[in-house]
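Heads up: the structure comes next, in structure tokens.
Below, all heavy atoms of this structure are taken into account, side chains as well, without hydrogens, waters or symmetry copies. In what follows, residues are counted from 1 in the order of the sequence shown.
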Amino acid sequence: MKFFNSGIHFQSVLKKYFSFKNETSSLDPLAEFLEAAKESDFTDVLNFFKENPETSENFKHYISRVFDGRPFNLSLTEANILSENAFFPELKKRILNKILPPVVNEKTVWYLIDNVSLRPKKDLSYLHNLPENEINEFFEIVGISDFILKSKVKNELIFSMNILSWRVTGAAMEVEVVRMAPEYRNFDNPFLALQNELEDLAEEFKANPEIQLHSKDSRYKQIKIYIQQCQDFVNIAFKNSSKYGISGKINQSLLKIRQQLQRIFEIVQLLVIDSEEDVLIKSKQLIFNVLSYKSHKNNISELINDSTRLISHLITNHTAETGSHYITSTKKEYMTMFYKASGGGIIVGALCVLKMLYGYVPGSDFSHAFLYSMNYAMGFVMIYLMGFTLATKQPAMTAATMTKILSEEGNNKSNYVEFAHLVSKLFRSQFIAFVGNVLLSFPIALLIIYGLDVFFSQNLAVDRSDKLLKDLDPFKSKAILHASIAGFYLFISGIISGNIGNNSVFYQIPERIAKNFSIRKVFGKKFAKGLSTYYAKNWPGIVSNFWFGVFLGATAPVGLFFGLDLDIRHITFAAGNFAIGLYGKDFSVDSYTFWISFITVFLIGFFNFLVSFSLSMFLAFRSRKLNFGQVSMIYREIFKYFTKHPLKFFLPLRSGLDKKADDLMSSTMTTKSEDH
């Protein structure tokens with residue numbers, strides 16, 4: 001294809017190519033005309049055709065030749081429909097097609113559109129913006145106003161529907177897909193019924209090419225019913241994903257089935273003609289549909305949005321269930337959170353000292369990365385298994401819970417006050433967890449480093465104190481950036497937890513353990529059942545905490561290896577490091593160093609919370625298709641509630657809204673448990 005001069009007037013193009021009966025099948029005349037017409041007033045184009053009937057006839061003859069013998073079933077069965085049953089192969093394919101468009105048969109409409117339209121989306125938008133009457137006139141002039149009645153066109157449409165029905169039936173018969181909708185096991189399969197109905201229609205068309213559907217036709221009604229039943233199957237399968245889990249492959253398969261069913265419905269609609277007006281309407285709709293499908297065929301953002309929304313929903317669904325345990329309502333729960341956070345602070349205080357000692361061990365960057373990672377990972381797993389709390393692990397979990405509740409309550413403004421009250425309960429839960437972590441981490445780290453000093457008669461913190469205190473000065477270090485990195489890792493650990501939970505349900509791991517013949521034979525049925533329950537309850541938390549520790553421990557050595565100033569800052573560890581730094585200086589620090597370090601500890605906590613909670617909330621909002629335009633209204637209501645009741649954001653003060661909030665939480669979690 002050559003580039004076109006947008007300044008060429010459409011009249012000169014028409015005179016150049018269509019002042020005579022042009023027998024060419026080249027696409028250049030059509031491409032040049034369309035480009036010139038877009039640069040002109042379309043009314044002028046129509047008037048020129050009306051005033052020059054010979055040119056109009058020649059142009060009509062050319063259009064007939066160009067489209068003659070060009071099948072368009074590929075544009076209906078392939079364009080804008082997933083071609084792969086897995087996300088990454090599909091993504092790779094679309095990226096490659098964008099960079100290097102595939103070679104296609106030159107005798108197809110697919111090739112024609114690709115080579116006539118340089119900007120399919122803009123061209124489609126241009127056509128949609130033209131006045132309806134002008135588009136209709138143009139279709140009549142070029143002789144495609146009755147396009148839909150041509151037997152070749154109807155044959156392409158019916159053939160395309162059959163291709164799609166064969167594919168969709170094969171995909172829906174996959175064992176793993178059928179497992180997602182057990183409700184249909186005792187019913188006649190709607191996919192087979194749809195396929196049979198479309199094959200019968202194809203046979204009738206062969207016998208009578210003039211066959212025409214209308215809205216009251218029993219065949220059309222039956223096809224519509226079967227398509228709806230197939231769509232119901234897909235919807236139930238997606239709904240059951242929270243009960244049975246889902247894999248990326250099954251997610252893609254269901255999306256592909258849904259797309260193909262929608263395409264069959266759109267095609268059969270084109271064949272329904274109730275009046276003469278419908279002929280032009282359906283002919284025009286067919287052309288617009290083909291252009292629309294082709295303009296989206298390699299859309300990467302749509303692929304990512306469609307493919308990841310359900311998976312992110314399932315991930316947040318599992319983290320939402322866990323997150324409910326991190327929101328306190330009563331004074332007793334509030335104090336219990338403090339005690340659990342205090343336990344976490346004790347362990348982190350010890351981890352701070354251990355990390356400092358590992359720093360003295362001679363070795364490569366890799367060996368230090370391994371030691372630091374295992375130090376953090378084992379510590380976090382220990383905190384989790386002992387029932388303690390690491391405060392910054394909460395936001396990634398609670399964000400999903402809050403969004404789940406908001407989505408189920410709806411966007412009614414009257415619910416925002418109750419939601420704001422729920423936010424106050426979340427905030428005070430986070431606050432007391434921070435307090436518990438910091439209050440114990442600081443003295444425990446101080447006590448251990450003092451004990452080592454007494455035992456070894458050596459202050460082991462001396463060499464590290466300058467760096468530890470400098471790292472707590474946001475003006476001398478990248479403390480805020482490093483706190484944000486830790487917040488990102490907290491978000492990732494939440495995703496890992498939700499993903500492990502989803503995979504555990506989808507692959508039925510707990511059930512496999514409980515019914516495993518070898519385990520039951522060696523250890524007994526009771527042990528197998530107990531191990532199954534333990535796995536279901538704890539494995540996602542163990543894995544996510546382990547990897548969170550690996551991320552935290554490996555960041556600094558990996559950054560050092562690549563020459564980057566990367567590290568992490570976590571509020572609980574910052575408090576412990578503050579204690580070690582002070583002890584290394586024998587508590588002889590100036591007031592600036594003390595207060596800037598003290599303030600930075602809580603500043604680090606704020607950014608840990610802000611980044612992890614914001615990213616988790618974004619993922620949860622996106623997964624549930626909530627309207628981001630109303631987020632500002634929610635924030636305003638929360639701020640208004642804070643100005644009226646500031647103490648409720650820090651202390652467990654009861655109010656009339658508590659019962660509603662508790663009911664809201666319990667109903668949400670009951671729904672989740674019933675799903676299982």
Salt bridge (charged side-chain N to carboxylate O under 4.0 Å, His left out) against K152, all qualifying residues, sequence neighbours excluded
D68
Give me each pair satisfying salt bridge (Lys or Arg N to Asp or Glu O under 4.0 Å) with a member in residues 507-520, each pair once, sequence neighbours excluded.
none
Is there a donor-acceptor contact under 3.5 Å linking the side chains of Q269 and Y220?
yes
Mind checking the CG-CD1 spacing from L385 to I542? Nearest 0.5 Å is all I need.
4.5 Å
Before giving the answer on salt bridge (Lys or Arg N to Asp or Glu O under 4.0 Å), spell out for K150 and E156 the whole-Å C-alpha distance, their side-chain angles and the decisive distance to 0.1 Å.
CA-CA 10 Å; K150 298 181 184 298; E156 286 285 299; over 6 Å; no
Is F288 atom CZ crowded by more than 12 heavy atoms from other residues, nucleotides or ligands, each under 6.0 Å away?
yes
Is V550 close to M374 at the side-chain level, that is, under 4.5 Å between some pair of heavy atoms?
yes
Side-chain heavy-atom pair E174, K249 within 4.5 angstrom cut-off
no
Find the distance between CD1 (I148) and NZ (K284) and round it off to the nearest 0.5 Å.
13.0 Å
Sequence neighbours excluded, which residues qualify as side-chain hydrogen bond (donor to acceptor under 3.5 Å, both in side chains) partners of Q195?
T169, E199
Please confirm whether the backbone N or O of G541 pairs with a side-chain atom of S544, one donor and one acceptor, at under 3.5 Å?
yes
Locate the shortest heavy-atom distance separating I267 from M161; write the atom from each residue and the value.
CG2-CG, 3.4 Å
Looking only at heavy atoms, which two atoms of A486 and F548 are closest? And how far apart?
O-CE1, 4.2 Å
Test ring pair (Phe, Tyr, Trp, His ring centres under 6.0 Å) applied to F159 - qualifying residues, sequence neighbours left out:
none
Heavy-atom check, side chain of N608 versus side chain of H570, under 4.5 Å:
yes
When you compare the side chain of I519 with that of I513, does any pair of heavy atoms fall below 4.5 Å?
yes
Looking at residues at least two apart in the chain, or sitting in another chain, which of them share a ring pair (Phe, Tyr, Trp, His ring centres under 6.0 Å) with W547?
none
Given side chains that start at C-beta, do those of I568 and Y376 come closer than 4.5 Å, heavy atoms only?
yes
Chi angles and distances behind the side-chain contact (heavy atoms from CB on, under 4.5 Å) call for N516, L531
CA-CA 11 Å; N516 185 274; L531 182 61; over 6 Å; no
Who are the ring pair (Phe, Tyr, Trp, His ring centres under 6.0 Å) partners of F233, not counting sequence neighbours?
Y184, F191
Least distance between heavy atoms, S504 atom then P510 atom
OG-CD, 3.4 Å
Residue pair F72, L157: steps toward the side-chain contact (heavy atoms from CB on, under 4.5 Å) verdict:
CA-CA 9 Å; F72 58 87; L157 294 175; 4.0 Å; yes
Counting only heavy atoms not in W539, do more than 12 fall under 6.0 Å of its CH2?
no
Residues at least two apart in sequence or cross-chain that pass salt bridge (charged side-chain N to carboxylate O under 4.0 Å, His left out) with K282, listed by chain then number, are none
Quick one: OG1 on T77 to CD1 on I163, what's the gap to the nearest 0.5 Å?
5.0 Å
Distance, nearest 0.5 Å, that separates CG of N155 from OG of S160:
9.0 Å
Walk me through it: do N289 and L270 pass the test side-chain contact (heavy atoms from CB on, under 4.5 Å)?
CA-CA 10 Å; N289 283 357; L270 295 172; 4.1 Å; yes
Can you list the residues that meet the side-chain hydrogen bond (donor to acceptor under 3.5 Å, both in side chains) rule with D200, with sequence neighbours excluded?
none
Residue list, side-chain hydrogen bond (donor to acceptor under 3.5 Å, both in side chains) with D232, at least two apart or on another chain
Q228
Which residues pass the side-chain hydrogen bond (donor to acceptor under 3.5 Å, both in side chains) test with Y489, sequence neighbours left out?
T555
Any Y384 side-chain heavy atom under 4.5 Å of N538 side chain
yes
Could I get the full list of ring pair (Phe, Tyr, Trp, His ring centres under 6.0 Å) partners for F561, not counting sequence neighbours?
none
Side-chain heavy atoms of F265 within contact of Q231, under 4.5 Å:
no
Verify side-chain contact (heavy atoms from CB on, under 4.5 Å) between F380 and L552, making sure each step is shown before the conclusion.
CA-CA 11 Å; F380 293 154; L552 293 191; 3.6 Å; yes
Is there a side-chain contact between Y293 and I81 (heavy atoms, below 4.5 Å)?
no
If you round to the nearest 0.5 Å, how far is NE2 of H214 from NZ of K221?
9.0 Å
Report, as yes or no, whether the 6.0 Å neighbourhood of atom OH on Y535 holds more than 12 heavy atoms from other residues, nucleotides or ligands.
yes
Search all heavy atoms of R263 against all heavy atoms of S75 and return the closest pair with its distance.
NH1-O, 3.9 Å
Between N240 and R179, a side-chain donor and acceptor under 3.5 Å:
no
When rounded to the nearest 0.5 angstrom, what distance separates CG in N162 from CD1 in I264?
8.5 Å
Side-chain (K224) to main-chain (V268) donor-acceptor, under 3.5 angstrom:
no
Does R219 have any salt bridge (charged side-chain N to carboxylate O under 4.0 Å, His left out) partners at least two apart in sequence or in another chain, and if so, which?
E204, D217
